[in-house]
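What follows is a short report on a single structure.
Values reported hereafter were calculated over all heavy atoms of this structure, with side chains retained and with hydrogens, waters and symmetry mates removed. Protein chains get the first letters and strands the later ones, always in sequence-line order, with residue 1 at the start of each.
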Amino acid sequence: MIKIENLQASIDGKEILKGLNLEVKAGEIHAIMGPNGAGKSTLASILAGREEYEVTEGTVDFDGTDLLELSTEDRAREGLFLAFQYPIEIPGVSNINFLKTAINEIREYKGEEPISAKEFMQMVRDKSAIVELDSKLASRSVNEGFSGGEKKRNEIFQMAMLNPKLAILDETDSGLDIDALRIVATGVNKLKTKDNATIVITHYQRLLDYIVPDFVHVLFDGKIVKTGTKELALELEEKGYDWIKEELAL
Amino acid sequence: MAYTENELASDLENQEYKYGFVTNIESEQVPKGLTEETIRLISKKKEEPEWLLEYRLKAFEIWNNMVEPTWAHVHYDKPNFQDIIYYSAVKKKKYENWDDVEPEMKATMEKLGISMDEQKVLTGTNVAVDFVMDSVSVATSFKAKLAELGIIFCSFSDAVKEHSELIKKYMGTVVPVTDNFYAALNAAVFTDGSFCYIPKGVRCPMELSTYFRINEQGTGQFERTLVVADEGSYVSYLEGCTAPQRDENQLHAAVVELIALDNAEIKYSTVQNWYPGDKDGKGGIFNFVTKRGLCERNAKISWTQVETGSAVTWKYPSCILKGDNSVGEFYSVAVTNNYQQADTGTKMIHLGKNTKSTIISKGVSAGKSNNSYRGLVQIHKNAQNARNFSQCDSLLMSDECGAHTFPYIECKNSSAKIEHEATTSKIGEDQIFYCNQRGISTEKAISLIVNGYCKEVLNQLPMEFAVEAQKLLAISLEGSVG
């Protein structure tokens, strides 16, 4: 699905990623953990195509295409989805209109006909149920006046509507209470198939109780320094990131 | 690669103006300059009655003693009033029927998207049109059909001849000659425009519309529109305007008067797309317009405007809420780009009891433009329980543009309720990126965001117009985004 090799990137001349390697296959869930400033969100931003970051070295292969050559919108149309850590508000633009535009832009890119109103509304009903999103929120302006939890649920709702090949959840658990966390995680689990993949970026082990990863990676100082299974996350939770530092003599 | 704000700004600069062409058609003009003689000549050409000539000459005298207003937040070289041609008319007299219209004129209308074809009603277009090019009305459609209901819809010149008593009774009652510099100038030299009268209790079954076009070089357009809705009647009126692309600044100084008698309602919608000048600020129309409506008892006047054109706009469609329980509304979207300047807003004058007004103003500034909202809410002593709600929002699309708000509130009755809300926001890289990440192109994203922002106003427009307005916003702001 995605293969990142020796990715190096900087912002304003400051090196953030220092040779990152990661491969995610279809049907897998990978968790990326690490302390503040390790480069977790930078990785998400670079994959999505945020242009403040300069990629200085390395390649990213996304299902056979060179991801770094694509515009942000084409990456999305190819099936890459980023659930934002801080979802953006767009006043005056209804969620429905926003999503319909997105779906039709993606369809057009693929040479498909626009979605019919009936099919679209049915999809809205089905998918909003997955994240227990009040259907009223669907007709409100994108994220405007949403609570923190509603914003995150809305991200997963959008993910459900757009049905991406690869979803990157950037700290989706931050700011969520336990109920919202459960709803969001359940949504993600329901959307999982053998053909798509998920990268979960998180600070805490907590989310991984709900979304069980196949692999856990520790990102430290711009590189993945350790890879394991769910147990690694538990160990990290218990021993803290200093333990990794010591163990690997970093 | 993702799209930066600088790229956005440069794309916005390269917008194209679709209506910049010139029609090659023979015209008859009076010599440049403005003297008493010019006015006599115009009046004579139009075969006007004596009282109207006197009205003009008096206005000219008043105008001569006035100075151009300078309070607006706009900067421009004052027009040289002796360097303007005040009358320019297509040589051929008014067309008697559609078959007489020259092919050039037909082609012009077609390019502008104006349909005079009454047959089209069957296929859904339901708009009666008066087409005014330079100084005269060229054609008016559906006159006969409207006449069956007693509705008068014709050029101002025809109205002066055929409905002299109505013109005499109402002209200048809402915007008096002395009102302001440009209104006085208009009263002296106005050449044509539209007149509309809806009789008692009649609901006008179609949209009435006037399309204003400046064509000849060196001319100014000074038209007058007068809409009278008699007791209990209703009319929806549309106005559109365009001009050729030229290096010179051309002056458009119109007067629009609306009169809504007891229980009547007038809805007046404008899509203003005068040539805005090029991206360096050269050329474009100076749009200095006085629009005002008078509401009698239980009457309602609603102004909706989408302003995307003109180099300089100076315009405040207003309502005088004279009658008890009367209602005034003002919905505005003003878009400025490049070096455009707009100073626009409204005045709501509450005189009667229980009068209500609503002001929704949305400014969008891009490029190096300046966009100002200026509004006055005035509650008079006897306006018991007057109510006003104002909302002025500004959207900034570049680092070099300006948005300004000048709200004035004068309240002399303690039972009044007045609310004012204002916001300023910027289309952020974050919003564009968020849209991009969902697969939406930058061009679509801007259109989505701007249309969303203007929704409350666009919703007020009649269907056919709303679609046009949305397209126009897209053209004005997106240009060649890609």
Side-chain angles (χ1 to χ4, degrees), chain A residues 44-55 68-84 86-110 141-144 151 154-155 158-159 161-164 167-168 170, chain B residues 1-8 11 331 333 360-364 391-397 421-460 470 473-474 477-478 481-482:
Chain A
S45 295
I46 288 171
L47 294 180
R50 240 202 148 92
E51 75 132 49
E52 296 95 288
Y53 296 94
E54 194 193 344
V55 174
L68 300 177
E69 282 301 307
L70 297 179
S71 66
T72 302
E73 57 267 36
D74 282 351
R75 294 178 194 199
R77 293 161 182 171
E78 288 287 342
L80 185 140
F81 181 91
L82 173 64
F84 284 58
Y86 303 107
I88 307 296
E89 298 185 5
I90 310 180
V93 179
S94 72
N95 246 331
I96 296 279
N97 190 12
F98 178 73
L99 278 168
K100 198 167 176 194
T101 307
I103 287 174
N104 283 335
E105 290 260 289
I106 293 168
R107 286 190 167 214
E108 195 185 325
Y109 177 79
K110 294 182 176 163
S141 294
V142 178
N143 293 323
E144 196 189 27
K151 280 184 183 172
N154 193 28
E155 291 293 288
Q158 291 183 25
M159 173 178 154
M161 292 291 288
L162 300 177
N163 190 24
I168 302 165
D170 187 9
Chain B
M1 276 287 108
Y3 196 79
T4 65
E5 225 162 283
N6 290 338
E7 283 168 320
L8 166 63
D11 275 337
Y331 298 95
V333 170
I360 308 283
S361 164
K362 304 272 180 178
V364 181
Q391 185 183 334
C392 309
D393 296 333
S394 309
L395 185 67
L396 300 168
M397 301 191 60
E421 287 179 11
T423 66
T424 304
S425 51
K426 189 161 189 264
I427 285 199
E429 281 175 52
D430 280 351
Q431 286 175 327
I432 303 271
F433 179 72
Y434 192 68
C435 292
N436 287 160
Q437 210 301 305
R438 299 301 185 245
I440 300 170
S441 66
T442 301
E443 196 171 335
K444 271 264 168 63
I446 293 172
S447 154
L448 205 60
I449 294 165
V450 171
N451 275 306
Y453 165 78
C454 300
K455 197 161 60 185
E456 282 165 280
V457 175
L458 297 178
N459 283 348
Q460 297 296 325
Q470 282 197 14
L473 284 181
L477 288 168
E478 283 166 23
V481 174

Point to revise | Test side-chain hydrogen bond (donor to acceptor under 3.5 Å, both in side chains) applied to A:Glu108 - qualifying residues, sequence neighbours left out | key: none
Practice item. Could you tell me how the ring of B:Tyr434 sits relative to the ring of A:Phe98: parallel (under 30°), tilted (30 to 60°) or perpendicular (over 60°)? Key: parallel
Point to revise | salt bridge (charged side-chain N to carboxylate O under 4.0 Å, His left out) partners of B:Glu456, counting only residues at least two apart | key: B:Lys362
Exercise for review: Search all heavy atoms of B:Gly439 against all heavy atoms of A:Ala76 and return the closest pair with its distance.
Suggested key: N-CB, 3.4 Å
Exercise for review: Give a yes or no on this: more than 12 heavy atoms of other residues, nucleotides or ligands lie within 6.0 Å of atom OH of A:Tyr86.
Suggested key: no
**Study point:** Most chain A-contacting option - heavy-atom pairs closer than 4.5 Å, from B:Lys455, B:Gln431, B:Gln437
**Key:** B:Gln437
**Study point:** Heavy-atom contact with chain A under 4.5 Å, split by part of B:Cys454
**Key:** neither
Practice item. Would you give the length of the straight line joining atom CE of A:Met161 to atom CZ of B:Arg438, rounded to the nearest 0.5 angstrom? Key: 12.5 Å
Practice item. Looking only at non-hydrogen atoms, find the nearest pair between B:Thr442 and A:Glu73 and report the distance. Key: N-OE2, 4.3 Å
Point to revise | Contact listing (chain B partner; residues 88-95 of chain A; heavy atom under 4.5 Å) | key: A:Ile88, A:Glu89, A:Ile90, A:Pro91, A:Gly92, A:Val93
Check your understanding: Of all of A:Thr101, A:Leu99, A:Ile106, which one pairs up most often with chain B through heavy atoms under 4.5 Å apart?
Key -> A:Thr101
Point to revise | Partners passing salt bridge (charged side-chain N to carboxylate O under 4.0 Å, His left out) against A:Arg77 (at least two apart in sequence or in another chain) | key: A:Asp74, A:Glu105
Point to revise | Nearest heavy-atom neighbours spanning B:Phe433 and A:Ala48 | key: CZ-CB, 3.9 Å
